[in-house]
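Only a predicted model underlies this, so the values are computations on that prediction, with no experimental measurement involved. Letters A, B, ... mirror the listed sequences (proteins, then strands); counts begin at 1.
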Amino acid sequence: MSKELTTRAADYSQWYNDLVIKGELADHSAVRGCMVIKPYGYALWENMRDQLDRMFKETGHVNAYFPLFVPKSLFEAEEKNAEGFAKECAIVTHYRLKNDPDNKGKLIVDPEAKLEEELIIRPTSEAIIWNTYKGWIQSYRDLPILINQWANVVRWEMRTRLFLRTAEFLWQEGHTAHATKEEAVDETKKMLEVYAEFVENYMAVPVIKGVKTANERFAGAEETYCIEALMQDGKALQAGTSHFLGQNFAKAFDVQFLNKENKKEYVWATSWGVSTRLIGALIMAHSDDQGLIMPPKIAPLQVVIVPIYKGEESKSVIDDKVASIIKELKALGISVKYDNSDHARPGWKFAEYELKGVPVRIALGLRDIENNVVELARRDTKEKKSVAIEGLGTYVKLLLEDIQQNIYNRALAFRNENIREANTWDEFVSLLDTKAGFVSAHWDGSSETEDKIKEQTKATIRCIPLNNKQEAGKCVLTGNPSTQRALFARAY
RNA sequence: CGGGAUGUAGCGUAGCCCGGUUAUCGCGCCUGGUUUGGGACCAGGAGGUCGCAAGUUCGAAUCUUGCCAUCCCGACCA
């Protein structure tokens, strides 16, 4: 297979697609907008999922599973939520096919098998979950409920892109129920912190924590917190959201509890989610023109070993040496693959594992064994050096940590270089057009202004950063007074 | 969903305008051999409903229509 990649400079979109497909993360499928996640891509997702799952459990959450289908009457109960998702729902209307009498071997929908009530394939699960919670909650003693579910959801997007926006995607959605507003708000913020920690420490992608404006808020939420990441082409990507839902769903589904004073109150809610979209963020934050760059902490494979042999005899000598290296690495919890397949030569393997972003490559031949060394190459900097076999495990372990830190630092430096302040409209437009990235600018706080800015520049307010400093200023568009800056960008 | 483009072997492609033997080439794949420190070489070989369907025609990869998918630009995107 030809593995030549489009460069970022030549065509950024094509580069991204090439990495996904040639790096064997995923493929297009026979279904419009839906992808097949291939074993290498799925292994990455499993590592991300497992780590997030640990973090959810550490913060007191448990997993459960709710149905894929949502009866239409439940779906429409929370009006804003329903309206927000209505335009992108897949709907089940029938439950049976039958043979087509006019066309042998073909099937048609059996008109006799129409459902009494349509079933919506969940675009998100608030409705079915809150309908369920209604039966679980009577007393303040039943609260809080801290549930997460790992699931697939369907959103019938007009235009799809591998990982970034697919019609079906995998995600987790946390849905919690609380007795007080304070507790629910704390939960919302706590989960935002969990997401930020995961994305920064494990995916090595720096994020800005913030709050969405009313325009960008989740349908049915009182407040949407988010983490925003910056991609190498200067576009922003929403990496995760955590919503404070107030009592909206409790009211829509009539979920009340008796408090200590024996008074009925509506339950307070949160929901929060991250999806396979994070893989898109990972790719676009780190990778280069030679291929993917996987952060060691979640890489499907951390180390690959390539033998350089001359003839069968040297091969078995190398195999023996490698066996002990593998043992040492595995004992340190490092994932390692020995690629001694004979159908590709070393140079081909080097290029292949660079494309796949394996953080560390070890090559060794007889020459090295004589000198008790291996050739060690790191993916992030392409640096190669000779390292003693003695103590190799520890060396690799530290190197993996160094790579993790290095790609984070690199992404952070890039992100920080690409946050710029604009104080006039001309400056604002020119920064967006010439530099891309985040533009920090004063905004008068009105949805109308936000819409106008979006219309004229395609930039949206990604968030109002949580740690925002308060300063008086004038809105870049209207000149109206403002108390703080918002973070604008063109986004995925 | 609107505008534009594309679809020929696993991948990349020639042929299409102007219909006519057995659909071109490269990579990859298979067999054997020689190789192996940055994408090996030699010899032989396999692999195609020309995206799918219908139509025009004696004859369709080529012309017409519909559909599907992908890419780009819009609209949409909690």
Between A:Glu173 and A:Ser125, is a side-chain hydrogen bond (donor to acceptor under 3.5 Å, both in side chains) present by the stated rule, with each step listed?
CA-CA 8 Å; A:Glu173 46 183 327; A:Ser125 301; 2.6 Å; yes
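Rounded to whole angstrom, the span from the CD1 atom of A:Ile21 across to the P atom of B:G10 amounts to 16 Å. We find that NZ of A:Lys22 is positioned 8 Å from C1' of B:C11, with the value rounded to whole Å. Between the NZ atom of A:Lys356 and the P atom of B:G39 there is a distance of 20 Å, rounded to whole Å. The distance from atom CG of A:Leu364 to atom P of B:U36 is 16 Å, rounded to the nearest whole Å. Atom pair A:Tyr492:OH and B:C76:C1' shows a separation of 17 Å (rounding to whole Å applied). Atoms OH (A:Tyr353) and C1' (B:G38) sit 15 Å apart, rounded to a whole Å. For the pair A:Arg32 CZ and B:C67 C1', the computed distance is 13 Å after rounding to whole Å. Atom CD of A:Glu312 is separated from atom P of B:U35 by 12 Å (rounded to the nearest Å).
Counting non-hydrogen atoms under 4.0 angstrom, A:Arg361 reaches a base of the nucleic acid. Residue-level contact check: A:Asp11 touches neither bases nor backbone, having no heavy atom under 4.0 Å from any strand. Residue-level contact check: A:Lys384 touches the bases, meaning some heavy atom is under 4.0 Å from a base atom. Residue A:Gly273 is out of contact with every strand shown, counting any heavy-atom pair closer than 4.0 Å. Counting non-hydrogen atoms under 4.0 angstrom, A:Arg345 reaches a base of the nucleic acid. A:Ser13 comes within 4.0 angstrom of sugar-phosphate atoms only, judged by non-hydrogen atoms across all strands, and of no base.
The side chain of A:Arg367 contributes no N or O atom lying less than 4.0 Å from OP1 or OP2 of B:G37. Within the structure, every side-chain polar atom (N or O) of A:Arg165 is placed at least 4.0 Å from both OP1 and OP2 of B:C76. Between A:Arg159 and B:C73, a side-chain N or O to OP1/OP2 separation shorter than 4.0 Å is present.
One N or O donor and one acceptor, one from the side chain of A:Glu354 and one from the base of B:G38, sit under 3.5 Å apart. No hydrogens or angles were tested; on distance alone, nothing pairs the side chain of A:Lys458 with the base of B:G74 as donor and acceptor under 3.5 Å.
Taking atom P on both nucleotides, B:A61 is separated from B:G19 by 14 Å, rounded to a whole Å. When the C1' atom is compared between B:G47 and B:C25, the two are found 15 Å apart, to the nearest whole Å. Distance check on atom C1': B:U31 versus B:U49 gives 28 Å, rounded to whole Å. B:C42 and B:G26 have their P atoms separated by 12 Å, with the value rounded to a whole Å. As rounded to the nearest Å, B:U62 and B:G15 have P atoms that lie 15 Å from one another. Comparing B:A75 with B:C50, their C1' atoms sit 35 Å apart, to the nearest whole Å. B:G55 sits 48 Å from B:G39 when the C1' atoms are compared, rounded to a whole Å. Taking atom P on both nucleotides, B:C67 is separated from B:U13 by 26 Å, rounded to a whole Å.
Of the charged side-chain nitrogens involved, none lies within less than 4.0 Å of a carboxylate oxygen, so that A:Arg361 and A:Asp339 do not count as a salt-bridged pair. A salt bridge is absent between A:Glu354 and A:Arg379: the closest approach of a Lys/Arg side-chain nitrogen to an acidic carboxylate oxygen does not fall below 4.0 angstrom. A:Lys385 and A:Glu375 are not joined by a salt bridge, as no carboxylate oxygen comes within less than 4.0 angstrom of a charged side-chain nitrogen. Salt bridge A:Lys72/A:Glu76: present, at least one basic N to carboxylate O contact under 4.0 Å. Ionic pairing of A:Asp289 and A:Arg8 is present here: one or more N-O contacts between side-chain nitrogen and carboxylate oxygen are shorter than 4.0 angstrom.
Proximity note for A:Met158 (side chain, C-beta onward) versus B:C76, B:G37, B:U36: the nearest is B:C76. Of the candidates B:A69, B:G39, B:C72, B:C72 carries the atom nearest the A:Asn17 side chain, counting heavy atoms from C-beta on.
Listed by residue number, the members of residues 80-89 of chain A with any heavy atom below 4.0 angstrom from RNA chain B are A:Phe85, A:Glu88.
Look at B:A23: it lacks any Watson-Crick or wobble partner with both distances under 3.5 angstrom. Searching all strands for a Watson-Crick or G-U wobble partner of B:A14 with both distances below 3.5 Å returns nothing. B:U31: Watson-Crick or G-U partner is B:A43, with both key distances under 3.5 Å. Across all strands shown, B:U70 forms a Watson-Crick or G-U wobble pair, both distances under 3.5 Å, with B:A5. Nucleotide B:G37 forms a pair with no other nucleotide shown, judged by Watson-Crick or G-U wobble geometry with both contacts under 3.5 Å. Using Watson-Crick or G-U wobble geometry with both donor-acceptor distances under 3.5 Å, B:U62 finds no partner in any strand shown.
Remark: the backbone N or O of A:Phe438 is not paired with any side-chain donor or acceptor of A:Arg490 at under 3.5 angstrom.
Within the structure, the side chain to side chain donor-acceptor pair (under 3.5 Å) test picks out the following pairs touching residues 235-251 of chain A (sequence neighbours left out): A:Lys212-A:Gln238, A:Glu222-A:Asn248, A:Thr224-A:His243, A:Thr241-A:His243.
A donor-acceptor pair shorter than 3.5 Å cannot be found between the side chains of A:Trp130 and A:Thr132.
Projected onto RNA chain B by closest heavy-atom contact, A:Phe169 and A:Asp342 fall at different nucleotides, the more 5' of which corresponds to A:Asp342. The residue among A:Ala219 and A:Ile308 whose nearest nucleotide of RNA chain B lies closer to the 5′ end is A:Ile308.
Under a cut-off of 6.0 angstrom, the local environment of NZ in A:Lys349 is crowded, with over 12 non-hydrogen atoms contributed by other residues, nucleotides or ligands.
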